[in-house]
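Per chain, numbering begins at 1; letters A, B, ... match sequence-line order. Every heavy atom of this structure was used, including side-chain atoms; hydrogens, water molecules and symmetry mates were not.
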Amino acid sequence: MEKWSPATIREFRRTLLAWYDQEGRDLPWRHDHDPYHVWVSEIMLQQTQVQTVIPYYQCFMAAFPTVTALANAAEADLLKAWQGLGYYSRARNLQRAARQLVTDYHGQWPTTAATLQDLVGVGPYTACAIASIAFNEVVPAIDGNAFRVFARLLLIDADVAQPKTRQVFFDILQPIVDSQRPGDFNQAVMDLGSSYMTAKTPDPAHSPVRAFDASYRTDQVLAYPVKTKKPRPKLVPYYGLLVTSPAGDLLVQRSAQQMLAGYWTYPLIPKADLLPAEATTTPTLAADIAALEARWQRDYQLSVRFTPLGGRTVSQTYTHQRWQVSLLQAKLPTATPLTYFPGQWVATTQVADLPVPKVQEKMMRRWAQARAAVQ
DNA sequence: CACTCGTGGGT
DNA sequence: TACCCAAGAGT
């Protein structure tokens with residue numbers, strides 16, 4: 001591992017900030033240092049690329065321009081604003097924290113990384129980012145970019161997939177952060193990490209800090225950062241139920257305990273839930289449909305006949321699961337009341353107003369194709 | 001600490 | 001294709 005002298009550290013800061021002043025990106029949340037703007041952008045940017053965030057950030061600020069507006073927002077509006085951005089608990093936590101700020105803090109922001117972490121959804125990275133950018137606290141904001149950039153510059157061998165490695169980087173970076181411009185220093189590292197020092201296709205030869213890059217000097221750029229691999233997502237088969245009546249399409253809102261909480265989908269039934277685990281026969285489509293119809297009759301007093309929808313399944317890959325959804329179709333001749341079924345009839349024209357996840361959009365497209373083919 | 005939680009883009 | 005990756009945090 002490399003060790004920089006105080007003189008090298010000074011020269012590195014000067015080089016990095018000079019480049020940032022010339023080449024730093026003009027992003028919507030960099031127009032000022034308002035902590036609300038910094039905070040919302042940092043939450044959106046968690047595990048999400050800048051290009052994806054920009055339009056969401058602009059719409060979000062137009063809809064919820066202040067902490068108070070966010071605290072008072074209707075949940076449906078919030079989920080709709082976050083639709084498609086992923087990691088939806090971020091939206092809920094954002095509003096919970098806005099309410100914390102209004103009620104517990106009386107609109108007065110905590111100004112240190114240590115106290116910012118008391119806001120739900122604000123962890124070690126985001127707290128340091130807000131503290132340095134909005135309040136000039138001299139702390140390193142250690143995210144994936146910082147891991148990648150400094151692992152290469154300094155040949156740091158610690159496994160960045162391990163939680164304890166954050167402290168290793170923090171201790172190394174604390175004396176390197178520019179004490180006059182900590183926020184700009186941290187943002188410059190992020191710009192570096194998303195341009196010359198990307199994960200797969202870096203361009204270290206033209207990096208503004210190539211003279212400080214030990215991995216480039218020793219021709220082992222792609223060997224850093226050291227990161228252990230994660231297991232591949234597990235296949236989870238589902239039935240997706242396309243049920244119509246004169247009242248509209250049948251949709252359910254996902255519970256607070258489920259993934260995609262609060263978002264609406266067609267009823268999704270894990271195939272594993274249909275037949276008892278001790279069943280000896282291999283589940284067939286016909287047996288699954290029979291079990292499904294019997295359950296709807298017994299639990300919901302709904303007489304429904306399902307038929308398979310032709311074509312491929314709908315797939316959606318998440319970090320730890322790969323959903324493979326086989327679509328079944330059913331048509332009820334009358335607007336049957338859903339006395340026991342935990343869902344709603346939604347008129348086709350109103351589906352667009354509901355917050356829906358990507359897998360629901362895919363199911364809707366597949367169904368629209370099937371209906372168009374019949375015509 | 002290990003696991004969970006979305007989506008889009010790149011190779 | 002099937003991976004890997006991207007401004008992480010909560011449990």
Side-chain angles (χ1 to χ4, degrees), chain A residues 24-25 27-30 37-57 79 82-94 96-97 113 116-134 140-149 159-167 169 183 185-195 197-202 222 225 227-236 254 256-263 265 315-323 355-362:
Chain A
R25 291 173 289 182
L27 300 171
W29 47 89
R30 287 182 178 175
H37 297 162
V38 176
W39 173 49
V40 171
S41 68
E42 289 299 340
I43 299 296
M44 287 187 168
L45 286 161
Q46 289 169 6
Q47 300 289 288
T48 311
Q49 300 192 80
V50 165
Q51 186 179 337
T52 303
V53 165
I54 288 174
Y56 281 92
Y57 176 83
L79 296 183
W82 210 271
Q83 174 176 323
L85 199 51
Y87 287 139
Y88 297 107
S89 65
R90 291 184 295 176
R92 241 181 262 282
N93 288 341
L94 206 55
R96 285 176 58 194
L116 281 161
Q117 280 194 70
D118 293 335
L119 298 173
V120 60
V122 176
Y125 160 74
T126 305
C128 289
I130 300 172
S132 63
I133 297 168
I142 300 169
D143 66 339
N145 287 306
F147 277 137
R148 191 168 57 254
V149 167
D159 179 2
V160 301
Q162 296 262 326
K164 63 182 179 183
T165 299
R166 169 178 300 281
Q167 188 62 46
F169 276 71
F185 179 96
N186 285 328
Q187 294 186 90
V189 171
M190 297 173 202
D191 282 12
L192 204 52
S194 61
S195 57
M197 300 186 72
T198 57
K200 291 290 188 68
T201 56
L222 294 180
K227 185 191 283 189
T228 53
K229 293 177 182 174
K230 294 179 178 176
R232 45 184 288 183
K234 199 185 79 177
L235 178 67
V236 185
R254 296 178 64 80
Q257 289 74 26
Q258 291 177 302
M259 188 165 50
L260 310 171
Y263 284 80
T265 67
S315 293
Q316 179 70 26
T317 303
Y318 303 103
T319 309
H320 291 87
Q321 299 178 17
R322 196 174 92 239
W323 289 10
V356 298
K358 201 57 61 177
V359 65
Q360 172 65 15
E361 292 184 347
K362 290 179 182 175

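For A/Gln46, the side chain to side chain donor-acceptor pair (under 3.5 Å) partners are A/Thr126, not counting sequence neighbours. A search for side-chain contact (heavy atoms from CB on, under 4.5 Å) contacts involving A/Ala127 returns A/Ala113, A/Leu116, A/Gln117, A/Val122, not counting sequence neighbours. Residues satisfying the salt bridge (Lys or Arg N to Asp or Glu O under 4.0 Å) test with A/Lys362, not counting sequence neighbours, are none. Considering only residues two or more places apart in sequence or on other chains, A/Arg96 meets the side chain to side chain donor-acceptor pair (under 3.5 Å) condition with A/Asn93. In this structure, the ring-ring contact (aromatic ring centres under 6.0 Å, His included) partners of A/Tyr263, at least two apart in sequence or on a different chain, are A/Tyr88. For A/Ala134, the side-chain contact (heavy atoms from CB on, under 4.5 Å) partners two or more places apart in sequence, or in a different chain, are A/Pro35, A/Val38, A/Ile130. Scanning for ring-ring contact (aromatic ring centres under 6.0 Å, His included) contacts around A/Tyr56 gives an empty result, with sequence neighbours left out. Annotation: side chain to side chain donor-acceptor pair (under 3.5 Å) contacts of A/Gln47 (sequence neighbours excluded): none. Remark: A/Ser89 engages no residue in a side chain to side chain donor-acceptor pair (under 3.5 Å) (not counting sequence neighbours).
The separation of B/dC1 from C/dG8, taken at their C1' atoms, amounts to 16 Å, rounded to a whole angstrom. The same atom, P, is picked in B/dG10 and in C/dA7; the two are 14 Å apart, to the nearest Å. As rounded to the nearest Å, B/dG8 and C/dA9 have P atoms that lie 22 Å from one another.
No side-chain heavy atom of A/Glu42 sits under 4.5 Å from any side-chain heavy atom of A/Trp29.
Residue contacts for A/Arg254: at a heavy-atom cut-off of 4.0 Å it reaches no nucleic acid atom on any strand shown. At a threshold of 4.0 angstrom between heavy atoms, the contacts of A/Gln187 with the nucleic acid are absent. Heavy atoms of A/Met190 sit under 4.0 angstrom from at least one base atom. A/Lys362 comes within contact range of no nucleotide atom at all, as no heavy-atom separation falls under 4.0 Å. Heavy atoms of A/Leu27 sit under 4.0 angstrom from at least one base atom. Among the protein residues, A/Trp29 comes within range of the nucleic acid bases, having at least one heavy atom under 4.0 Å from a base atom. Using a 4.0 Å heavy-atom distance criterion, A/Arg96 is classed as making no nucleic acid contact.
Side-chain atoms of A/Arg254 come within 3.5 Å of backbone atoms of A/Met259 as a donor-acceptor pair (strictly under, hydrogens ignored). No donor-acceptor pair under 3.5 Å is formed between the side chain of A/Thr265 and the backbone N or O of A/Gln360.
A heavy atom lying under 4.0 Å from DNA chain B marks none of the residues of residues 123-133 of chain A. Interface residues of residues 44-53 of chain A facing DNA chain B, ordered by number: A/Gln47, A/Thr48, A/Gln49; criterion, heavy-atom separation under 4.0 Å.
Taking atom CG on A/Leu85 and atom C1' on B/dG9, their separation rounds to 15 Å, with Å as the unit. Nucleotide B/dT7 holds its C1' atom 11 Å from the CG atom of A/Leu260, rounded to whole Å. B/dA2 atom C1' lies 11 Å from atom NZ of A/Lys230, rounded to whole Å. The distance between atom CH2 of A/Trp323 and atom C1' of B/dT7, rounded to the nearest whole Å, is 13 Å. One interatomic measurement links the two molecules: CG of A/Leu79 to C1' of B/dG6, which rounds to 14 Å at whole-angstrom precision. Atom CZ of A/Arg322 is separated from atom P of B/dG6 by 18 Å (rounded to the nearest Å). Between the P atom of B/dA2 and the NZ atom of A/Lys227 lies a distance of 16 Å, rounded to the nearest Å.
Map A/Asn93 and A/Lys200 each onto its nearest nucleotide of DNA chain C; the residue landing nearer the 5' end is A/Lys200. Along DNA chain B, the nucleotide nearest to A/Thr201 and the one nearest to A/Thr317 differ in position, and the one closer to the 5' end is contacted by A/Thr317. Sequence order on DNA chain B of the closest nucleotides to A/Gln257 and A/Gln162 puts A/Gln162 first from the 5' end.
Note on A/Tyr88: a side-chain N or O is less than 4.0 Å away from OP1 or OP2 of B/dT7.
A donor-acceptor contact closer than 3.5 angstrom links the side chains of A/Glu361 and A/Gln83.
Here chain A contacts DNA chain C (any atom closer than 4.0 Å to a heavy atom, that is under 4.0 Å), and the contacts span C/dC3 to C/dG10 from 5' to 3'.
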